[in-house]
Amino acid sequence: MDHLTVLLPLTGLLFQILSSFCIDPELPYPITCETRGADLSEDGLLVGCPAGCLLRRTSVFGTNVYAAVSSVCGAAVHSGLLGTSGGTVRLKRLQGRHGYRGSSSHGVQSQSLSHWISSFSLSKPVSIPLELTSKTSEISPGSVSAAQPAKKSVKKALMGGNKDCQADIAVVMDSSTNIGQRRFNLQKNFIAKLAAALKVGATGPHVGLIQASDSPKTEFLLTNFTHPKDLLFAIRQTTYLGGNANTGKALLHAAQSIFSSELGARRGHPRVLLALVDGWPSDDVERAATFARDSGINVFIVSVAKASPEELSMVPDRNFSRKAVCKDNGFFSYSIPSWFNAAKHTRALSTRLCSLDQLLCSKTCYNSVHIGFLIDGSSSVGYVNFQLVLDFLVGIARSFDISDVGAHIGAVQFTYDQRLEFGMFDNDNKEDAIDALRRISYMSGGTSTGSAINYAVHNLFRPAARGRNFLIVVTDGQSYDDVRGPATAAHSQGVTIFSVGVAWAPLELLRVMSSEPKDTHTFFTRDFSGLSDFIQPVVHNICTDYSHNN
(Lines give C-alpha, C1' and ligand atoms only; values in the text may rest on other atoms or scores of the structure.)
Protein backbone atom coordinates (compact mmCIF):
# COMPACT_ATOMS: atom_id res chain seq x y z
CA MET A 1 0.00 0.00 0.00
CA ASP A 2 1.30 3.49 -0.83
CA HIS A 3 1.36 5.14 2.60
CA LEU A 4 2.07 8.61 1.17
CA THR A 5 -1.36 8.58 -0.42
CA VAL A 6 -2.90 7.86 2.97
CA LEU A 7 -1.30 10.95 4.48
CA LEU A 8 -1.63 13.51 1.72
CA PRO A 9 -3.01 13.96 -1.78
CA LEU A 10 -0.21 12.98 -4.14
CA THR A 11 -0.65 15.76 -6.67
CA GLY A 12 1.19 18.96 -5.77
CA LEU A 13 2.07 17.93 -2.21
CA LEU A 14 4.40 15.06 -3.17
CA PHE A 15 7.19 17.57 -3.73
CA GLN A 16 6.71 18.94 -0.23
CA ILE A 17 6.82 15.46 1.36
CA LEU A 18 9.98 14.54 -0.53
CA SER A 19 11.63 17.84 0.42
CA SER A 20 10.65 17.45 4.08
CA PHE A 21 12.49 14.13 4.30
CA CYS A 22 15.50 15.25 2.25
CA ILE A 23 14.96 12.62 -0.46
CA ASP A 24 16.00 14.91 -3.29
CA PRO A 25 16.97 18.49 -2.43
CA GLU A 26 16.92 19.40 -6.12
CA LEU A 27 13.13 19.23 -6.36
CA PRO A 28 11.58 22.72 -6.04
CA TYR A 29 9.52 23.15 -2.89
CA PRO A 30 6.46 25.30 -3.74
CA ILE A 31 5.85 28.26 -1.41
CA THR A 32 3.61 31.33 -1.39
CA CYS A 33 4.54 34.99 -1.67
CA GLU A 34 4.06 35.31 2.12
CA THR A 35 6.22 32.32 3.17
CA ARG A 36 8.96 33.57 5.50
CA GLY A 37 12.48 32.26 5.84
CA ALA A 38 11.64 31.18 9.38
CA ASP A 39 8.93 28.88 7.97
CA LEU A 40 11.53 26.81 6.07
CA SER A 41 13.74 24.64 8.23
CA GLU A 42 16.01 22.94 5.67
CA ASP A 43 19.29 24.56 4.63
CA GLY A 44 20.02 24.67 0.90
CA LEU A 45 16.36 24.13 0.04
CA LEU A 46 15.31 24.86 -3.55
CA VAL A 47 12.01 26.78 -3.42
CA GLY A 48 9.55 27.72 -6.13
CA CYS A 49 7.91 31.16 -5.95
CA PRO A 50 4.61 31.88 -7.72
CA ALA A 51 4.07 34.69 -10.20
CA GLY A 52 2.90 38.10 -9.01
CA CYS A 53 4.88 38.49 -5.78
CA LEU A 54 6.14 41.87 -6.99
CA LEU A 55 2.53 43.08 -6.89
CA ARG A 56 2.02 41.84 -3.31
CA ARG A 57 3.22 43.94 -0.38
CA THR A 58 5.50 41.35 1.16
CA SER A 59 7.59 41.95 4.29
CA VAL A 60 11.31 42.12 3.53
CA PHE A 61 14.00 43.14 6.05
CA GLY A 62 17.62 43.62 4.97
CA THR A 63 19.73 43.71 1.80
CA ASN A 64 21.53 40.65 0.35
CA VAL A 65 21.28 39.00 3.76
CA TYR A 66 17.69 39.01 5.01
CA ALA A 67 16.19 38.52 8.46
CA ALA A 68 14.40 35.16 8.66
CA VAL A 69 11.12 36.98 9.28
CA SER A 70 11.28 38.22 5.66
CA SER A 71 9.22 36.88 2.78
CA VAL A 72 11.49 34.56 0.78
CA CYS A 73 9.87 35.41 -2.55
CA GLY A 74 9.83 39.13 -1.72
CA ALA A 75 13.55 38.93 -0.93
CA ALA A 76 14.15 37.06 -4.20
CA VAL A 77 12.51 39.88 -6.15
CA HIS A 78 14.37 42.52 -4.09
CA SER A 79 17.71 40.83 -4.82
CA GLY A 80 16.96 40.68 -8.56
CA LEU A 81 16.93 36.87 -8.72
CA LEU A 82 13.23 36.73 -9.70
CA GLY A 83 10.78 38.96 -11.53
CA THR A 84 7.00 39.10 -11.91
CA SER A 85 6.78 35.60 -13.39
CA GLY A 86 8.22 33.88 -10.29
CA GLY A 87 10.67 31.01 -10.45
CA THR A 88 13.09 29.05 -8.29
CA VAL A 89 15.83 30.14 -5.88
CA ARG A 90 18.00 28.35 -3.37
CA LEU A 91 17.83 29.37 0.29
CA LYS A 92 20.84 29.30 2.60
CA ARG A 93 20.15 29.56 6.33
CA LEU A 94 22.44 31.93 8.26
CA GLN A 95 22.92 33.00 11.84
CA GLY A 96 21.13 36.01 13.26
CA ARG A 97 22.83 39.36 13.19
CA HIS A 98 22.53 43.02 14.11
CA GLY A 99 21.84 45.84 11.69
CA TYR A 100 19.80 44.63 8.70
CA ARG A 101 19.94 47.51 6.19
CA GLY A 102 16.81 48.44 4.27
CA SER A 103 16.95 49.49 0.63
CA SER A 104 14.84 49.96 -2.47
CA SER A 105 15.67 47.50 -5.24
CA HIS A 106 13.82 46.02 -8.26
CA GLY A 107 10.53 47.53 -7.17
CA VAL A 108 10.66 46.22 -3.58
CA GLN A 109 11.33 48.42 -0.54
CA SER A 110 13.03 46.38 2.17
CA GLN A 111 12.99 47.63 5.76
CA SER A 112 15.78 48.06 8.27
CA LEU A 113 15.81 45.88 11.38
CA SER A 114 18.03 46.22 14.41
CA HIS A 115 18.32 42.51 15.22
CA TRP A 116 16.82 39.11 14.42
CA ILE A 117 17.64 35.60 15.66
CA SER A 118 18.31 34.03 12.24
CA SER A 119 18.91 35.05 8.61
CA PHE A 120 19.00 33.72 5.08
CA SER A 121 20.54 34.51 1.72
CA LEU A 122 19.39 33.46 -1.75
CA SER A 123 21.07 32.30 -4.93
CA LYS A 124 19.95 31.22 -8.37
CA PRO A 125 20.15 27.43 -8.98
CA VAL A 126 22.41 26.30 -11.79
CA SER A 127 19.92 23.80 -13.16
CA ILE A 128 16.47 22.57 -12.26
CA PRO A 129 15.37 18.95 -12.89
CA LEU A 130 12.13 18.74 -14.82
CA GLU A 131 11.01 15.38 -13.46
CA LEU A 132 11.52 12.95 -10.63
CA THR A 133 14.53 10.69 -11.14
CA SER A 134 15.28 7.20 -9.93
CA LYS A 135 16.88 8.73 -6.86
CA THR A 136 13.45 9.48 -5.45
CA SER A 137 12.96 5.80 -4.72
CA GLU A 138 16.08 5.60 -2.59
CA ILE A 139 14.39 6.27 0.71
CA SER A 140 15.90 5.00 3.91
CA PRO A 141 13.68 2.89 6.19
CA GLY A 142 13.74 5.62 8.81
CA SER A 143 12.56 8.19 6.28
CA VAL A 144 9.74 5.98 5.02
CA SER A 145 8.43 5.44 8.50
CA ALA A 146 8.20 9.19 8.97
CA ALA A 147 5.72 9.38 6.12
CA GLN A 148 3.67 6.36 7.19
CA PRO A 149 0.62 6.50 9.39
CA ALA A 150 0.39 3.81 12.02
CA LYS A 151 -1.31 0.62 10.83
CA LYS A 152 -4.67 1.25 12.41
CA SER A 153 -7.00 3.35 10.26
CA VAL A 154 -7.38 6.98 11.21
CA LYS A 155 -10.64 8.08 12.80
CA LYS A 156 -11.28 11.75 13.08
CA ALA A 157 -13.52 12.96 15.85
CA LEU A 158 -15.77 15.81 14.87
CA MET A 159 -15.49 17.32 18.33
CA GLY A 160 -13.58 16.58 21.50
CA GLY A 161 -10.39 17.30 23.35
CA ASN A 162 -9.29 19.95 25.79
CA LYS A 163 -10.10 23.19 23.98
CA ASP A 164 -7.96 25.13 26.47
CA CYS A 165 -4.86 23.18 25.41
CA GLN A 166 -4.70 23.55 21.65
CA ALA A 167 -1.02 22.69 21.38
CA ASP A 168 0.83 20.45 18.91
CA ILE A 169 2.97 18.09 20.99
CA ALA A 170 5.65 15.80 19.57
CA VAL A 171 6.93 13.19 22.04
CA VAL A 172 10.43 11.79 21.60
CA MET A 173 10.63 8.48 23.45
CA ASP A 174 13.81 6.64 24.43
CA SER A 175 14.16 3.36 22.50
CA SER A 176 17.84 2.70 23.26
CA THR A 177 19.49 -0.46 24.47
CA ASN A 178 20.03 1.29 27.78
CA ILE A 179 16.33 1.46 28.61
CA GLY A 180 15.63 -2.22 27.89
CA GLN A 181 12.36 -3.87 26.91
CA ARG A 182 10.77 -3.79 30.38
CA ARG A 183 11.32 -0.08 31.05
CA PHE A 184 10.39 0.64 27.41
CA ASN A 185 6.95 -0.87 28.10
CA LEU A 186 6.63 1.25 31.26
CA GLN A 187 7.53 4.28 29.15
CA LYS A 188 4.74 3.44 26.68
CA ASN A 189 2.30 3.20 29.58
CA PHE A 190 3.49 6.60 30.81
CA ILE A 191 2.97 8.19 27.36
CA ALA A 192 -0.52 6.66 27.12
CA LYS A 193 -1.51 8.06 30.50
CA LEU A 194 -0.02 11.44 29.60
CA ALA A 195 -2.09 11.52 26.40
CA ALA A 196 -5.19 10.74 28.46
CA ALA A 197 -4.37 13.52 30.92
CA LEU A 198 -3.85 15.96 28.04
CA LYS A 199 -7.32 15.06 26.66
CA VAL A 200 -6.20 14.74 23.07
CA GLY A 201 -8.87 15.49 20.48
CA ALA A 202 -9.66 17.16 17.19
CA THR A 203 -10.29 20.51 18.88
CA GLY A 204 -7.71 20.00 21.62
CA PRO A 205 -4.05 18.99 21.76
CA HIS A 206 -2.57 16.80 19.02
CA VAL A 207 0.23 14.32 19.70
CA GLY A 208 2.89 12.79 17.44
CA LEU A 209 5.47 10.17 18.44
CA ILE A 210 9.14 9.72 17.49
CA GLN A 211 11.54 7.04 18.73
CA ALA A 212 15.13 7.93 19.56
CA SER A 213 17.56 5.18 18.65
CA ASP A 214 20.56 5.01 16.28
CA SER A 215 18.33 6.83 13.77
CA PRO A 216 15.05 8.56 14.61
CA LYS A 217 11.83 6.83 13.64
CA THR A 218 8.49 8.60 13.38
CA GLU A 219 5.72 6.32 14.62
CA PHE A 220 2.84 8.66 13.82
CA LEU A 221 2.24 12.30 12.96
CA LEU A 222 0.28 14.98 14.79
CA THR A 223 -2.95 14.45 12.85
CA ASN A 224 -2.90 10.66 12.45
CA PHE A 225 -4.82 10.05 15.66
CA THR A 226 -7.11 12.72 17.09
CA HIS A 227 -9.46 10.21 18.69
CA PRO A 228 -8.18 9.04 22.11
CA LYS A 229 -8.86 5.33 21.55
CA ASP A 230 -6.99 5.29 18.25
CA LEU A 231 -4.09 7.20 19.79
CA LEU A 232 -3.76 4.81 22.73
CA PHE A 233 -3.85 1.82 20.38
CA ALA A 234 -1.06 3.34 18.24
CA ILE A 235 1.08 3.96 21.33
CA ARG A 236 0.67 0.35 22.47
CA GLN A 237 1.61 -0.92 18.99
CA THR A 238 4.99 0.85 19.12
CA THR A 239 7.83 -1.70 19.07
CA TYR A 240 11.19 -1.46 20.82
CA LEU A 241 14.22 -0.65 18.61
CA GLY A 242 17.37 -0.78 20.76
CA GLY A 243 20.59 0.96 19.75
CA ASN A 244 22.08 4.27 20.94
CA ALA A 245 20.06 6.98 22.67
CA ASN A 246 20.62 9.59 19.95
CA THR A 247 18.17 12.09 21.41
CA GLY A 248 19.80 15.00 19.57
CA LYS A 249 19.16 13.38 16.18
CA ALA A 250 15.55 12.69 17.16
CA LEU A 251 15.02 16.27 18.34
CA LEU A 252 16.38 17.67 15.09
CA HIS A 253 14.31 15.25 13.00
CA ALA A 254 11.15 16.19 14.89
CA ALA A 255 11.83 19.93 14.69
CA GLN A 256 12.48 19.76 10.93
CA SER A 257 9.60 17.53 9.90
CA ILE A 258 6.83 16.89 12.42
CA PHE A 259 5.84 20.54 12.76
CA SER A 260 5.46 21.30 9.05
CA SER A 261 1.99 22.46 8.01
CA GLU A 262 2.01 19.89 5.17
CA LEU A 263 2.16 17.10 7.75
CA GLY A 264 -0.62 18.49 9.91
CA ALA A 265 0.87 21.10 12.25
CA ARG A 266 -1.71 23.79 12.90
CA ARG A 267 -0.91 27.40 12.09
CA GLY A 268 -0.74 29.63 15.16
CA HIS A 269 -0.84 26.76 17.67
CA PRO A 270 1.97 26.43 20.25
CA ARG A 271 4.52 23.77 19.32
CA VAL A 272 5.94 21.52 22.01
CA LEU A 273 8.74 18.96 21.75
CA LEU A 274 8.81 16.65 24.78
CA ALA A 275 11.90 14.43 25.06
CA LEU A 276 11.94 11.49 27.49
CA VAL A 277 15.51 10.58 28.43
CA ASP A 278 16.43 7.44 30.34
CA GLY A 279 19.76 8.22 31.97
CA TRP A 280 21.48 10.43 29.41
CA PRO A 281 21.67 10.93 25.61
CA SER A 282 24.39 9.28 23.49
CA ASP A 283 24.81 12.32 21.25
CA ASP A 284 24.86 16.12 21.43
CA VAL A 285 21.45 17.73 21.94
CA GLU A 286 22.50 21.39 22.02
CA ARG A 287 22.60 22.02 18.25
CA ALA A 288 19.22 20.37 17.69
CA ALA A 289 17.66 22.21 20.62
CA THR A 290 18.99 25.55 19.37
CA PHE A 291 17.41 24.90 15.98
CA ALA A 292 14.11 23.99 17.68
CA ARG A 293 14.10 27.12 19.84
CA ASP A 294 14.89 29.33 16.83
CA SER A 295 11.94 27.68 15.06
CA GLY A 296 9.55 28.65 17.87
CA ILE A 297 9.36 25.14 19.36
CA ASN A 298 9.18 24.68 23.13
CA VAL A 299 11.59 21.91 24.15
CA PHE A 300 10.82 20.05 27.39
CA ILE A 301 13.23 17.46 28.83
CA VAL A 302 11.90 14.74 31.16
CA SER A 303 14.82 12.94 32.80
CA VAL A 304 14.02 9.51 34.21
CA ALA A 305 16.44 7.52 36.37
CA LYS A 306 19.26 10.07 36.23
CA ALA A 307 22.85 8.91 36.22
CA SER A 308 24.16 7.74 39.59
CA PRO A 309 27.34 9.33 41.01
CA GLU A 310 29.47 6.43 39.76
CA GLU A 311 27.94 6.77 36.27
CA LEU A 312 28.57 10.50 35.90
CA SER A 313 31.99 9.96 34.35
CA MET A 314 30.25 8.27 31.39
CA VAL A 315 27.85 11.15 30.72
CA PRO A 316 29.13 13.16 27.71
CA ASP A 317 27.47 16.39 28.87
CA ARG A 318 26.10 16.64 32.40
CA ASN A 319 24.29 19.88 31.53
CA PHE A 320 22.49 18.51 28.46
CA SER A 321 19.06 19.24 29.93
CA ARG A 322 19.86 22.89 30.66
CA LYS A 323 21.20 23.37 27.13
CA ALA A 324 18.24 21.65 25.47
CA VAL A 325 15.17 23.20 27.07
CA CYS A 326 13.34 26.24 25.72
CA LYS A 327 14.41 28.33 28.73
CA ASP A 328 16.49 27.29 31.71
CA ASN A 329 14.02 28.51 34.33
CA GLY A 330 12.96 25.17 35.80
CA PHE A 331 9.61 25.13 33.99
CA PHE A 332 10.80 23.14 30.97
CA SER A 333 12.74 20.49 32.92
CA TYR A 334 11.09 17.65 34.80
CA SER A 335 12.72 14.84 36.78
CA ILE A 336 11.18 11.43 37.53
CA PRO A 337 13.14 9.06 39.81
CA SER A 338 12.05 5.84 38.13
CA TRP A 339 9.81 4.47 35.37
CA PHE A 340 8.07 2.34 37.98
CA ASN A 341 6.35 5.37 39.53
CA ALA A 342 6.29 7.59 36.44
CA ALA A 343 2.52 7.36 35.89
CA LYS A 344 1.75 9.49 38.94
CA HIS A 345 3.59 12.42 37.31
CA THR A 346 1.41 12.61 34.20
CA ARG A 347 -1.10 15.12 35.57
CA ALA A 348 1.54 17.58 36.74
CA LEU A 349 3.41 17.29 33.45
CA SER A 350 0.25 17.69 31.34
CA THR A 351 -0.53 20.88 33.26
CA ARG A 352 2.84 22.31 32.25
CA LEU A 353 2.40 21.32 28.61
CA CYS A 354 -0.98 23.06 28.55
CA SER A 355 0.18 26.29 30.25
CA LEU A 356 0.09 28.13 26.93
CA ASP A 357 1.11 31.53 28.32
CA GLN A 358 4.37 30.03 29.63
CA LEU A 359 5.38 28.38 26.36
CA LEU A 360 7.90 31.14 25.73
CA CYS A 361 9.59 29.77 22.63
CA SER A 362 6.39 29.83 20.59
CA LYS A 363 5.47 33.37 21.61
CA THR A 364 6.22 35.94 18.89
CA CYS A 365 4.62 39.21 17.97
CA TYR A 366 2.99 37.49 15.02
CA ASN A 367 0.97 35.04 17.11
CA SER A 368 0.61 36.76 20.48
CA VAL A 369 -0.57 40.37 20.07
CA HIS A 370 -4.04 41.91 20.34
CA ILE A 371 -4.54 44.73 17.84
CA GLY A 372 -7.47 47.11 17.97
CA PHE A 373 -8.34 49.34 15.01
CA LEU A 374 -9.97 52.68 15.86
CA ILE A 375 -11.35 54.00 12.57
CA ASP A 376 -12.42 57.58 11.86
CA GLY A 377 -15.77 57.45 10.05
CA SER A 378 -16.36 61.20 9.97
CA SER A 379 -17.92 63.00 6.99
CA SER A 380 -14.59 64.48 5.87
CA VAL A 381 -13.20 61.01 5.10
CA GLY A 382 -15.68 60.08 2.38
CA TYR A 383 -16.67 56.63 1.12
CA VAL A 384 -13.80 56.13 -1.35
CA ASN A 385 -11.12 57.13 1.16
CA PHE A 386 -12.79 54.99 3.83
CA GLN A 387 -12.19 51.95 1.61
CA LEU A 388 -8.50 52.91 1.40
CA VAL A 389 -8.39 52.99 5.21
CA LEU A 390 -9.86 49.48 5.31
CA ASP A 391 -7.27 48.31 2.75
CA PHE A 392 -4.54 49.67 5.02
CA LEU A 393 -5.91 47.83 8.04
CA VAL A 394 -6.37 44.60 6.08
CA GLY A 395 -2.70 44.84 5.07
CA ILE A 396 -1.69 45.03 8.73
CA ALA A 397 -4.00 42.16 9.70
CA ARG A 398 -2.56 39.90 6.98
CA SER A 399 0.88 40.14 8.59
CA PHE A 400 -0.23 38.36 11.78
CA ASP A 401 -1.17 34.77 12.58
CA ILE A 402 -4.77 35.38 13.62
CA SER A 403 -6.38 32.34 15.22
CA ASP A 404 -8.23 31.27 18.33
CA VAL A 405 -4.87 30.66 20.06
CA GLY A 406 -2.82 33.24 18.16
CA ALA A 407 -3.07 36.96 17.44
CA HIS A 408 -6.46 38.72 17.60
CA ILE A 409 -7.90 41.87 16.05
CA GLY A 410 -10.96 43.97 16.84
CA ALA A 411 -12.38 47.17 15.36
CA VAL A 412 -14.31 50.26 16.49
CA GLN A 413 -15.58 53.00 14.15
CA PHE A 414 -16.22 56.46 15.54
CA THR A 415 -17.75 59.81 14.69
CA TYR A 416 -19.45 61.67 17.55
CA ASP A 417 -20.59 58.20 18.59
CA GLN A 418 -18.78 54.86 18.63
CA ARG A 419 -19.72 51.55 17.09
CA LEU A 420 -18.11 48.22 17.96
CA GLU A 421 -17.67 46.59 14.56
CA PHE A 422 -16.38 43.30 15.97
CA GLY A 423 -14.72 42.25 19.19
CA MET A 424 -11.17 41.07 19.72
CA PHE A 425 -12.25 37.44 20.09
CA ASP A 426 -15.16 37.32 17.64
CA ASN A 427 -13.11 35.81 14.78
CA ASP A 428 -10.89 32.79 15.34
CA ASN A 429 -9.13 32.72 11.98
CA LYS A 430 -7.49 35.22 9.64
CA GLU A 431 -9.98 34.81 6.80
CA ASP A 432 -13.01 35.60 8.99
CA ALA A 433 -11.23 38.55 10.62
CA ILE A 434 -10.31 40.09 7.26
CA ASP A 435 -13.84 39.51 5.94
CA ALA A 436 -15.17 41.32 9.01
CA LEU A 437 -12.88 44.27 8.27
CA ARG A 438 -13.99 44.36 4.63
CA ARG A 439 -17.67 44.42 5.65
CA ILE A 440 -17.42 47.54 7.82
CA SER A 441 -19.86 50.14 6.50
CA TYR A 442 -19.04 53.86 6.50
CA MET A 443 -20.88 55.85 9.21
CA SER A 444 -20.28 59.59 8.39
CA GLY A 445 -20.56 62.24 11.10
CA GLY A 446 -18.35 64.34 13.41
CA THR A 447 -15.02 63.55 15.12
CA SER A 448 -14.71 62.77 18.84
CA THR A 449 -11.45 60.89 19.08
CA GLY A 450 -10.94 61.13 22.84
CA SER A 451 -14.20 59.42 23.80
CA ALA A 452 -13.55 56.87 21.05
CA ILE A 453 -10.21 55.93 22.65
CA ASN A 454 -11.96 55.39 25.99
CA TYR A 455 -14.63 53.27 24.32
CA ALA A 456 -12.10 51.15 22.39
CA VAL A 457 -9.92 50.45 25.42
CA HIS A 458 -12.90 49.32 27.51
CA ASN A 459 -14.62 47.29 24.77
CA LEU A 460 -11.76 45.69 22.88
CA PHE A 461 -9.02 44.77 25.33
CA ARG A 462 -8.63 42.35 28.19
CA PRO A 463 -5.81 42.84 30.72
CA ALA A 464 -2.53 41.58 29.23
CA ALA A 465 1.22 41.86 29.73
CA ARG A 466 2.68 45.13 28.50
CA GLY A 467 3.56 44.92 24.83
CA ARG A 468 0.56 42.70 23.97
CA ASN A 469 -2.30 45.22 23.48
CA PHE A 470 -2.03 47.67 20.57
CA LEU A 471 -4.47 50.34 19.36
CA ILE A 472 -4.06 51.81 15.88
CA VAL A 473 -5.94 55.10 15.51
CA VAL A 474 -6.60 56.30 11.95
CA THR A 475 -8.01 59.83 11.65
CA ASP A 476 -8.10 62.64 9.11
CA GLY A 477 -8.85 65.69 11.22
CA GLN A 478 -9.08 67.64 14.48
CA SER A 479 -10.93 66.03 17.38
CA TYR A 480 -13.82 67.94 18.94
CA ASP A 481 -12.98 66.59 22.40
CA ASP A 482 -9.89 66.09 24.55
CA VAL A 483 -7.57 63.26 23.55
CA ARG A 484 -4.76 63.76 26.08
CA GLY A 485 -6.61 62.32 29.09
CA PRO A 486 -8.00 59.21 27.32
CA ALA A 487 -4.65 58.52 25.63
CA THR A 488 -2.74 58.82 28.93
CA ALA A 489 -5.22 56.47 30.59
CA ALA A 490 -4.81 53.95 27.78
CA HIS A 491 -1.02 54.08 28.09
CA SER A 492 -1.25 53.49 31.84
CA GLN A 493 -3.37 50.40 31.21
CA GLY A 494 -0.69 48.87 29.01
CA VAL A 495 -2.24 49.76 25.64
CA THR A 496 0.33 50.92 23.07
CA ILE A 497 -1.15 53.52 20.68
CA PHE A 498 -0.07 54.10 17.10
CA SER A 499 -1.47 57.32 15.61
CA VAL A 500 -1.94 57.41 11.84
CA GLY A 501 -2.98 60.80 10.50
CA VAL A 502 -4.19 61.74 7.03
CA ALA A 503 -4.89 65.08 5.29
CA TRP A 504 -5.86 67.65 7.96
CA ALA A 505 -5.01 65.64 11.08
CA PRO A 506 -2.81 67.92 13.27
CA LEU A 507 0.61 66.42 13.93
CA GLU A 508 0.51 67.74 17.51
CA LEU A 509 -2.74 65.85 18.13
CA LEU A 510 -1.25 62.64 16.71
CA ARG A 511 1.83 62.86 18.92
CA VAL A 512 -0.29 63.46 22.02
CA MET A 513 -2.12 60.20 21.39
CA SER A 514 0.96 58.15 20.47
CA SER A 515 2.95 56.03 22.86
CA GLU A 516 6.62 56.66 23.51
CA PRO A 517 8.86 57.03 21.63
CA LYS A 518 6.63 59.35 19.64
CA ASP A 519 8.63 59.15 16.42
CA THR A 520 8.10 55.40 16.01
CA HIS A 521 4.41 55.51 16.92
CA THR A 522 3.28 58.49 14.83
CA PHE A 523 2.61 58.41 11.08
CA PHE A 524 1.24 61.06 8.73
CA THR A 525 0.42 61.27 5.03
CA ARG A 526 -1.28 63.99 2.99
CA ASP A 527 -3.21 61.51 0.84
CA PHE A 528 -5.18 58.39 1.79
CA SER A 529 -3.38 56.52 -0.99
CA GLY A 530 -0.18 56.92 1.05
CA LEU A 531 -1.48 54.76 3.89
CA SER A 532 -0.28 51.60 2.19
CA ASP A 533 3.32 52.76 2.69
CA PHE A 534 2.84 52.52 6.44
CA ILE A 535 1.81 48.84 6.57
CA GLN A 536 5.26 47.32 7.02
CA PRO A 537 6.66 50.07 9.31
CA VAL A 538 3.67 49.70 11.64
CA VAL A 539 4.00 45.90 11.70
CA HIS A 540 7.73 46.19 12.30
CA ASN A 541 7.26 48.65 15.16
CA ILE A 542 4.59 46.47 16.77
CA CYS A 543 7.07 43.60 16.77
CA THR A 544 9.81 45.83 18.15
CA ASP A 545 7.56 46.91 21.02
CA TYR A 546 6.58 43.31 21.70
CA SER A 547 10.21 42.15 21.75
CA HIS A 548 11.25 44.91 24.17
CA ASN A 549 8.48 44.05 26.61
CA ASN A 550 8.45 40.24 26.54
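Computed over heavy atoms, backbone and side chain alike; hydrogens, waters and symmetry mates excluded. All of these numbers come straight from a predicted model, not from anything done at the bench.
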Could you walk me through whether Thr475 and Thr447 pass the side-chain contact (heavy atoms from CB on, under 4.5 Å) check?
CA-CA 9 Å; Thr475 181; Thr447 309; 4.3 Å; yes
Count the heavy atoms belonging to other residues, nucleotides or ligands that lie under 6.0 Å from NZ of Lys92, then report whether that count exceeds 12.
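No, because the 6.0 Å sphere around NZ of Lys92 holds 12 heavy atoms or fewer from other groups.
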CZ/Arg438: more than 12 non-hydrogen atoms of other groups inside 6.0 Å:
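It does: Arg438 CZ has more than 12 such atoms within range.
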Would you confirm whether the ring centroid of Phe61 sits within less than 6.0 angstrom of the ring centroid of Tyr100?
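No - the distance between ring centres of Tyr100 and Phe61 does not fall below the 6.0 Å cut-off.
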Below 6.0 angstrom between ring centroids: does that apply to Tyr416 and Tyr480?
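Yes, ring centres under 6.0 Å apart.
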Are a donor atom and an acceptor atom from the side chains of [X] and [Y] found within less than 3.5 Å of each other?
X	Y	result
Asp545	His521	yes
Ser514	Thr522	yes
Ser451	Asp481	yes

Under the disulfide (SG to SG under 2.5 Å) rule, what pairs show up with a residue in residues 431-520, not counting sequence neighbours?
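The answer is none; no pair qualifies.
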Sole residue of Arg293, Lys327, Arg271 in side chain to side chain contact (heavy atoms under 4.5 Å, CB included) with Cys361
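Testing Cys361 for a side chain to side chain contact (heavy atoms under 4.5 Å, CB included) against Arg293, Lys327, Arg271 leaves exactly one candidate, Arg293.
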Arg511 NZ/CZ over Phe524 ring centroid, <6.0 Å and within 45° of normal:
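No, Arg511 does not sit over the ring of Phe524.
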Per the ring-ring contact (aromatic ring centres under 6.0 Å, His included) rule, which among Phe470, Phe425, Phe373, Phe422 passes with His408?
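The residue from Phe470, Phe425, Phe373, Phe422 that satisfies ring-ring contact (aromatic ring centres under 6.0 Å, His included) with His408 turns out to be Phe425.
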For salt bridge (Lys or Arg N to Asp or Glu O under 4.0 Å), just list the numbers for Arg36 and Glu34, CA-CA rounded to whole Å, side-chain angles, deciding distance to a tenth of an Å, and then say yes or no.
CA-CA 6 Å; Arg36 299 175 295 186; Glu34 290 77 23; over 6 Å; no
For the side chain of Ser110 and the backbone of Gly62, is there at least one donor-acceptor N/O pair under 3.5 Å apart?
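Yes, the answer is positive, given that a donor and an acceptor are paired below the 3.5 Å cut-off.
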pair check: Cys33 + Cys49, SG-SG < 2.5 Å:
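In this structure, Cys33 and Cys49 share no disulfide.
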